[in-house]
Structure formats: structure tokens, C-alpha cells
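In this chain, residues are counted from 1 in sequence order.
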Amino acid sequence: MRSLIEAADLASKHVAPGGAMSASALSKTLSGDRLPHRSTVEAIVQLCGASEEVRALSLCLHTAALGEAHPAFAERLAMSDAYEEALVLHDRIQARLEDVLGEQHRRRADHDDLLARHETTSQALATVEDELRTRHQHHQQETARLNALAGSAVRL
């Protein structure tokens with residue numbers, strides 16, 4: 001806890017009220033003379049702005065210390081930590097799944113946009129091809145007419 005508070009560059013006098021404890025109780029906790037409540041550990045971790053991994057590790061360390069202080073509950077406490085770890089893992093997987101689903105949604109929208117653009121381009125191409133066919137036919141007709149005129153002019 002002391003390392004966490006120091007890493008967050010907080011003074012003990014600012015941490016004690018946020019951790020719902022007196023400065024004296026915090027001092028005893030940090031010196032190892034007193035085991036804090038789990039909610040106090042959670043509050044201090046939150047005050048320090050620690051990551052979810054640091055939170056989980058802090059709670060594991062708290063559980064280990066609690067297990068040493070009360071050996072009869074050590075197994076249950078370990079199970080509680082395993083459950084907590086499973087919840088953290090679940091939350092990470094859920095967040096990753098939401099990220100992946102969001103990315104899939106964005107890619108689907110991009111795909112749909114490309115399909116619409118392709119359809120528009122295909123229609124424009126078909127229109128231009130029709131125009132070229134019409135012009136080509138007109139050119140052939142005009143060439144035939146001019147050849148006929150040239151043939152009749154040569155005969156004269």
C-alpha cells in the first residue's frame with residue numbers, strides 16, 4: 001500500500017480521509033501493524049488511480065495477509081480471490097468482445113459503402129458503354145452515308 005501511495009505521489013494525510021480511516025490507522029496499516037478492511041484497500045487503490053491489474057494484485061495481497069492472520073479462512077479467501085480474478089478476466093474479455101464487435105460493425109458499414117459505390121460505378125460504366133455503342137453505331141451510319149456520297153460523286 002505504501003508503494004502504491006508513493007507511486008501516486010500522494011501524502012498520507014490526503015489518503016486517510018479518502019480511505020475512510022484516520023491518519024493513525026493509515027500509519028498502522030502502512031507499517032504492517034494493522035490489516036485494513038478490503039473496502040479500505042479498494043478505496044486507497046481507487047484514490048491512487050491504479051489500473052485494474054494493480055487493484056487485483058492489491059486485493060490478492062490483502063487476501064494473502066488475511067489468510068495468514070486467520071488460517072481457518074485461508075481456503076475460502078483463496079477461492080474468493082480466484083472468483084475475483086475470473087470476474088476481472090470476464091470483464092477484459094467482454095471489453096475485447098465489444099471492441100471486436102464494434103470493429104466488425106465498422107467494417108460491415110465500410111463493406112456496404114463499397115458495395116454501394118461499386119453499384120453506382122457499375123451503373124455509370126453501363127451508361128457510358130451504352131453511349132459509346134450509340135456513338136459507334138452513329139459513326140458507322142455516318143461513315144456508310146459518306147461512303148455512299150463519295151461513290152456517287154466519283155461516278156459523276
Exercise for the section: Please tell me if the side chains of Val45 and Leu4 come closer than 4.5 Å, counting only heavy atoms from C-beta onward. Expected result: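 Answer yes - side chains close enough.
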Problem - Side-chain touch Arg106/His111, heavy atoms, less than 4.5 angstrom - result: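 Side-chain contact under 4.5 Å: no.
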Residues which pass side-chain contact (heavy atoms from CB on, under 4.5 Å) with [X], listed by chain and number, not counting sequence neighbours:
| X | value |
| --- | --- |
| Thr127 | none |
| Glu68 | none |
| His118 | Ser122 |
| Gln137 | none |

Problem - Option from Glu52, Glu98, Glu53 for which salt bridge (charged side-chain N to carboxylate O under 4.0 Å, His left out) with Arg92 holds - result: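 The passing option is Glu53.
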Counting only N and O atoms by type, is there a donor-acceptor contact under 3.5 Å from the side chain of [X] to the main-chain atoms of [Y]?
| X | Y | result |
| --- | --- | --- |
| Thr121 | Arg117 | yes |
| His62 | Val41 | no |
| Thr134 | Asp130 | yes |

Exercise for the section: Test Ser24 against Lys28 for side chain to side chain contact (heavy atoms under 4.5 Å, CB included), laying out the working first. Expected result: CA-CA 6 Å; Ser24 166; Lys28 288 179 182 179; 4.1 Å; yes
Practice task
Compare every heavy atom of Ala69 with every heavy atom of Leu35, then report the nearest pair and how far apart it is.
Solution key: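 Smallest heavy-atom distance, with atoms named: CD2-CB, 4.4 Å.
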Practice task
Using salt bridge (charged side-chain N to carboxylate O under 4.0 Å, His left out) as the criterion, list what pairs up with Glu142, not counting sequence neighbours.
Solution key: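 Salt bridge (charged side-chain N to carboxylate O under 4.0 Å, His left out) check on Glu142 returns Arg145.
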Problem - Under the side chain to side chain donor-acceptor pair (under 3.5 Å) test, residues paired with Arg107 that sit two or more places apart - result: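 Arg107 satisfies side chain to side chain donor-acceptor pair (under 3.5 Å) with Glu103 only.
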